[in-house]
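Throughout, protein chains are lettered first and strands after them, A, B, ... in sequence-line order, and every chain is numbered starting at 1. Predicted model only: the values in this text are computed from it and were never measured.
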Amino acid sequence: MLPKEDPELKKCKHKCRDERQFDEQQRRDGKQICEEKARERQQEEGNSSEESYGKEQEENPYVFQDEHFESRVKTEEGRVQVLENFTKRSRLLSGIENFRLAILEANPHTFISPAHFDAELVLFVAKGRATITMVREEKRESFNVEHGDIIRIPAGTPVYMINRDENEKLFIVKILQPVSAPGHFEAFYGAGGEDPESFYRAFSWEVLEAALKVRREQLEKVFGEQSKGSIVKASREKIRALSQHEEGPPRIWPFGGESSGPINLLHKHPSQSNQFGRLYEAHPDDHKQLQDLDLMVSFANITKGSMAGPYYNSRATKISVVVEGEGFFEMACPHLSSSSGSYQKISARLRRGVVFVAPAGHPVAVIASQNNNLQVLCFEVNAHGNSRFPLAGKGNIVNEFERDAKELAFNLPSREVERIFKNQDQAFFFPGPNKQQEEGGRGGRAFE
Amino acid sequence: MLPKEDPELKKCKHKCRDERQFDEQQRRDGKQICEEKARERQQEEGNSSEESYGKEQEENPYVFQDEHFESRVKTEEGRVQVLENFTKRSRLLSGIENFRLAILEANPHTFISPAHFDAELVLFVAKGRATITMVREEKRESFNVEHGDIIRIPAGTPVYMINRDENEKLFIVKILQPVSAPGHFEAFYGAGGEDPESFYRAFSWEVLEAALKVRREQLEKVFGEQSKGSIVKASREKIRALSQHEEGPPRIWPFGGESSGPINLLHKHPSQSNQFGRLYEAHPDDHKQLQDLDLMVSFANITKGSMAGPYYNSRATKISVVVEGEGFFEMACPHLSSSSGSYQKISARLRRGVVFVAPAGHPVAVIASQNNNLQVLCFEVNAHGNSRFPLAGKGNIVNEFERDAKELAFNLPSREVERIFKNQDQAFFFPGPNKQQEEGGRGGRAFE
Amino acid sequence: MLPKEDPELKKCKHKCRDERQFDEQQRRDGKQICEEKARERQQEEGNSSEESYGKEQEENPYVFQDEHFESRVKTEEGRVQVLENFTKRSRLLSGIENFRLAILEANPHTFISPAHFDAELVLFVAKGRATITMVREEKRESFNVEHGDIIRIPAGTPVYMINRDENEKLFIVKILQPVSAPGHFEAFYGAGGEDPESFYRAFSWEVLEAALKVRREQLEKVFGEQSKGSIVKASREKIRALSQHEEGPPRIWPFGGESSGPINLLHKHPSQSNQFGRLYEAHPDDHKQLQDLDLMVSFANITKGSMAGPYYNSRATKISVVVEGEGFFEMACPHLSSSSGSYQKISARLRRGVVFVAPAGHPVAVIASQNNNLQVLCFEVNAHGNSRFPLAGKGNIVNEFERDAKELAFNLPSREVERIFKNQDQAFFFPGPNKQQEEGGRGGRAFE
């Protein structure tokens, strides 16, 4: 357990100011949340369960916030933020070191320049409406995508996109698996001029003249005009032209073999659902786009005041990105514990843009705030053969022990053990700490 | 070749004292062996082939002894010893760096607490009789296992076991393949209290109250009573209750898919067998439990005074654990040799608990002492497509060369080459150095 | 872009002297080329596109020359040169760090001693005629191979070979994938005596006496006579005996399963072919010998004065070895660039024996000199699912963009963009810089 630490209000406000802001409205929201948090904190004084939330990022390598992102692209019309290597602060995440995470934001009616990546990509549309176009072996294919859509971009495929919405910003979360230099990836812009610089410009003029069979003067012109960056405003006409694509039925991948079109996660039947939350999952066994990456994509919408878990994954390491809402998470970690056979509590406040990782075997719970639903996008790496083991509610592992095993394991009569582990009859999503309090008025003291 | 080194008696006795002892009886045995060795050593003075056995662990990263194990669990009733990372002393074993080895010892009539691991596990029962219970997705399955049984525990599966024998200690050798942090694994105890600490205790009381829907007072009790450690004495009644499981025919895995029940290695038909030894093998091509780990498990029982090999594996790296008996091994290693194109002799005395590794391609021979059979459990990593190439006896590689190749390779008439390589007509197991001496009286001088 | 650097003539001559020479004739050729180059260079003074060719190896980790090879074997009759680890100078190539490259040269009528390797091997016969013999599980199989043949040697397989040509030297390029210590491999000589040392000599005489059932005196003789090294002269009779093998039809692998006999790359139908060059490819999907290594082997013969590319591979990293001729290559690299979103030009002069690497996603072009065809052997690692995307000529990626995407990407009217990218109507191989000049007289100034 961590020692207590205090001057949170100052720290919290400071963080609010520095924090990566989705937009102005959100910054105001953020500030408000921040002050609410401070009030809550004061109320919580003396509440031992909260003591460690403030210092999350210092001690634990499982949580990533604004300061762990780097801008790769920044124009007037948008930006791309790339999360540092998961292993930068600790080798504990080396199981996922060949995955990278990035977030693209683009203003309404913008064009994101053609590029290919030395990485496999999976995109999730967190907000907005886009048209994504891929070029592949003398074919070209476009997809209109919206909130909840997952789309796979094979490594090396030239891709460009538009935010086709006139009013709403586009937010896309990308997970990348580099294919060339493990853990590192780059964008290669073929089109472009000064900014983005076209990779054609790295060749000598003589080689380009010969390859393209044109004169240097022409080359200098075509590779010199673009200087607005890789995310640019597009006219209504161009947006219309570029989004006039099949909107309709056959969401079938044109290139055959290992890929196919987008999957809408939120149109799927939820794999867990009750009044406390919903879980949507796209499994690599069902979607060949995710198969070679051995990646599951899921989306949890945790009702305000409710929680998910505790549970653990048997094989998969889960990378979670908060898409909307606030809350906190808790996780037990034996690797960080100073003594063998005990567990370090890992915890962090969650708000939009926070990334946290739960490695295989690590028990974890995610709790939504009282004010808003908490929406979390998850990438589960190493998904094949993974099982989720519940630690509370229906089918929790302790319930499955034999009577005598319970007695020996807890050194208590089995009925006392069962009184604990058989009381919760929900599964996966439960009423959260405060809600239980409101509902039952039970054990309230700790929250006063 | 290594320089000569001497004061072995002192060193040997010292080692005896420090050495990891299976039990009191064995320590006495150890001491005795130790003094015998010292006597042998004095007799061997001037015998150049023995010169390097005393300094094995200093120069070579292929041999692991007591001092390379660490205690993870230690109670009055048993312990778990974990071998250091194979690559701790040298990068030469980085091919197996994501495998770990551990040894569990438990007294008669004991209970080993429920835990899951962030690793795939394969267990081998080296001694004793256990009941192993696994929990998996609202099912539970138990297996009675005994000497020679191999059982696979999928990563993350909660497992507990008993030593159901009233008199005999239980020894289980485990090989683990971490799934979360490569090369590192941890046990996660769900049940328990103070010791083993339950991972539930890493969550805040409020989260646990909400998740389990019970009050803090109850939680404090249930997670506070166990303080005897993760290996505890169990009453005769509890042992009886926990071992009353299917003893019978259908050794079929209950969870479907990629796993199934135990394999008894010693009930299999030996793949090599003569009066000098027997080899039992469980190949991943035949046993789906071993397939995804690409692991072969084998057991060699080398008759006293006999030897196995020399031979080499084409692809597999072989991790050997001495289960019973004494002897020594020799291996040729080009990587450790100071000059390109020559070979360092790697050798070590073998006794119960010594671990040694033979990487792919490395010629190796294992020799039993005159006094006892040498029993060696082997895990062969990277087993798919592996072949064993004999370097002596039937089918040895030199015999297969064409006549003219033999002459060019050895710069000798081919009949002289064949006189050497065609004389031994046994396969794999041969009479050992001293035995040949006794049998044929041939070339004895070197052993006087 | 690199700063300009000058005193090339001195450096170039110096390099000529130090340079790894295939034979005397070639050294003379080399010197001549060297002076021609110097003349060319003087003519090129002021030609900015050439400014960085002289300093290739200092700045870039993608090019390997004589000084990056190490001699593993060196006898009067031949040698084996092994390229340093690809990652020795930079982690950028860590995607191929478990591949190694080696070149074997042997005089006419020589015997290369039996050895096995702790690595998977693929050999390409770059020059000459050999007979290669493999030993495997009491079978032996020999193959007569010649220029253009690819042959797979499974890890651990004892192999020996002869140069069966009376006059021509044998050159074999090997790519190795270590199976034991990642990135490191060794040869294990079973036959031999003092030189090559037999690995049998690493065992104690007593163990060998017992294993082979012969006396020490005999052993000392058989393992003492060879002292000429692992590449030795062979008599006409021995060559005849060792090359009297099936020359005929059934090029079928004898060992079943995952391998089969040699593939002649140059007898295949070229995958790209025009007057400017030819490309031959052996794909792992078509040849099971290459499947488990996920390796494509290809051979490009670029007509003098012509060029290949620019293009990029979507997933594969391409290791190229210049087998014949001269020229240069250019590549765009974002990883080495100092600023995000721009590209470092990587370039190097090419001559026989130079190795260069193009990682996935990196645009690359290879240009033959005016004097000789440039012949390049390529190993493409990570070949499964790879596509080659052309950046000039038929099907180039920019042509595939929609009209409006072209306008937005280049900030120019689409017809101006198309004027550039639709002019070249050849595919993959094009007339090179100077040749275009001669042919069309277009834009000549830059070359004066």
Colleague: What part of C/Phe389 gets closer than 4.5 Å to chain A, counting heavy atoms only: side chain, backbone, both or neither?
Modeller: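 Contact with chain A: side chain only.
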Colleague: Tell me the closest heavy-atom pair linking A/Val179 and C/Ser314, and the distance in Å.
Modeller: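 Scanning both residues completely, I find the closest heavy atoms to be CG2-O, 4.0 Å.
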Colleague: Do A/Leu242 and C/Leu408 come within less than 4.5 Å of each other through their side chains, counting heavy atoms only?
Modeller: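 Yes - at least one pair of side-chain heavy atoms lies under 4.5 Å apart.
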Colleague: Suppose we call two aromatic rings close when their centres sit under 6.0 Å apart. Are C/Phe401 and A/Tyr160 close by that rule?
Modeller: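 That pair passes the under 6.0 Å test.
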Colleague: Show the nearest heavy-atom pair for residues C/Ala409 and A/Pro114, with the distance to one decimal.
Modeller: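 Closest heavy-atom pair between C/Ala409 and A/Pro114: CB-CD, 3.6 Å.
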Colleague: State, yes or no, whether a side-chain contact exists between C/Lys345 and A/Arg201 at a heavy-atom distance under 4.5 Å.
Modeller: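 Counting from C-beta outward, C/Lys345 and A/Arg201 never come under 4.5 Å.
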Colleague: Does the side-chain contact (heavy atoms from CB on, under 4.5 Å) test come out yes or no for A/Val207 and C/Phe328, once each step is laid out?
Modeller: CA-CA 11 Å; A/Val207 166; C/Phe328 62 97; 4.0 Å; yes
Colleague: Is chain C contacted by the side chain of A/Lys233, its backbone, both, or neither, given a heavy-atom distance below 4.5 Å?
Modeller: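 The backbone, not the side chain.
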Colleague: Please classify the contact between C/Val364 and chain A as side chain, backbone, both or neither, with a heavy-atom cut-off of under 4.5 Å.
Modeller: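 Answer is backbone: N, CA, C or O of C/Val364 sit under 4.5 Å from chain A.
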Colleague: Under 4.5 Å heavy-atom distance to chain C, tell me which part of A/Ala234 shows up: side chain, backbone, both or neither.
Modeller: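 The answer is both parts of A/Ala234.
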Colleague: Check whether any side-chain heavy atom of A/Tyr200 sits under 4.5 Å from a side-chain heavy atom of C/Tyr343, and report yes or no.
Modeller: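 Side-chain contact under 4.5 Å: no.
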Colleague: Please walk me through it: do A/Leu212 and C/Asn423 pass side-chain contact (heavy atoms from CB on, under 4.5 Å)?
Modeller: CA-CA 6 Å; A/Leu212 297 168; C/Asn423 207 42; over 6 Å; no
Colleague: Please classify the contact between A/Tyr189 and chain C as side chain, backbone, both or neither, with a heavy-atom cut-off of under 4.5 Å.
Modeller: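 Both parts, heavy atoms under 4.5 Å.
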Colleague: Can we say C/Glu400 and A/Lys139 salt-bridge, meaning some charged N sits less than 4.0 Å from an Asp/Glu carboxylate O?
Modeller: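 Here C/Glu400 does not pair with A/Lys139 in a salt bridge, since their nearest N and O are not under 4.0 Å apart.
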Colleague: Is there side-chain contact between C/Arg91 and A/Pro182, with at least one heavy-atom pair below 4.5 Å?
Modeller: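 No, side chains not in contact.
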Colleague: Under a 4.5 Å heavy-atom cut-off, does chain C meet the side chain of A/Ser71, its backbone, both or neither?
Modeller: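 When you check distances to chain C, no heavy atom of A/Ser71 falls under 4.5 Å.
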Colleague: Counting heavy-atom pairs under 4.5 Å with chain A, which one of C/Pro334, C/Ala360, C/Ala392, C/Gly393 comes out on top?
Modeller: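 Counting heavy-atom pairs under 4.5 Å, the top option is C/Pro334.
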Colleague: Has the side chain of C/Glu330 got a donor or acceptor atom that lies under 3.5 Å from a matching backbone atom of A/Ser204?
Modeller: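 Yes: the side chain of C/Glu330 pairs with the backbone of A/Ser204.
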Colleague: Minimum heavy-atom separation for C/Met307 and A/Ala211, please, with both atom names.
Modeller: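 Looking at all heavy atoms of both residues, the shortest contact is CE-CB, 4.0 Å.
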Colleague: Step by step, work out the side-chain contact (heavy atoms from CB on, under 4.5 Å) result for A/Thr133 and C/Glu402.
Modeller: CA-CA 9 Å; A/Thr133 302; C/Glu402 287 150 285; 3.6 Å; yes
Colleague: Testing C/His362, C/His335, C/Arg315 for side chain to side chain donor-acceptor pair (under 3.5 Å) with A/Asp118, which one passes?
Modeller: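 Only one of C/His362, C/His335, C/Arg315 forms a side chain to side chain donor-acceptor pair (under 3.5 Å) with A/Asp118, namely C/His335.
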Colleague: As an exercise: rank C/Ala332, C/Gly309, C/Ser94, C/Pro359 by heavy-atom pairs under 4.5 Å with chain A and give me the winner.
Modeller: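 Of the candidates given, the most pairs with chain A belong to C/Ser94.
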Colleague: What's the shortest heavy-atom distance between A/Arg136 and C/Gly385, and which atoms?
Modeller: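 It is NH2-O, 4.3 Å.
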Colleague: Is C/Val398 close to chain A through its backbone or its side chain, or both, or neither, when contacts mean heavy atoms under 4.5 Å?
Modeller: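 For C/Val398, the side chain is the part near chain A, not the backbone.
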Colleague: If you define the side chain from C-beta out and look only at heavy atoms, does anything of A/Glu237 sit under 4.5 Å from C/Asp404?
Modeller: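 A side-chain contact under 4.5 Å is absent here.
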Colleague: With a 4.5 Å cut-off on side-chain heavy atoms, are C/Gln424 and A/Val214 touching?
Modeller: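 Not touching, per the 4.5 Å side-chain cut-off.
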Colleague: In terms of heavy-atom proximity below 4.5 Å to chain A, should C/Arg419 be classed as side chain, backbone, both, or neither?
Modeller: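 Contact with chain A: backbone and side chain both.
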Colleague: Apply ring-ring contact (aromatic ring centres under 6.0 Å, His included) to residues A/Phe203 and C/Phe329 and explain how you reach the verdict.
Modeller: CA-CA 10 Å; A/Phe203 291 92; C/Phe329 91 109; 9.7 Å; no
Colleague: How long is the span from the CD atom in A/Gln226 to the CG atom in C/Asn411, to the nearest 0.5 Å?
Modeller: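 The CG atom of C/Asn411 is 5.0 Å from CD of A/Gln226, to the nearest 0.5 Å.
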Colleague: Tell me, for A/Leu219 versus chain C, whether the close heavy atoms (under 4.5 Å) come from the side chain, the backbone, both or neither.
Modeller: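 Backbone plus side chain of A/Leu219, per the 4.5 Å heavy-atom cut-off to chain C.
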Colleague: Minimum heavy-atom separation for C/Gly361 to A/His116, with atom names?
Modeller: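 So the two residues come closest at O-NE2, 2.7 Å.
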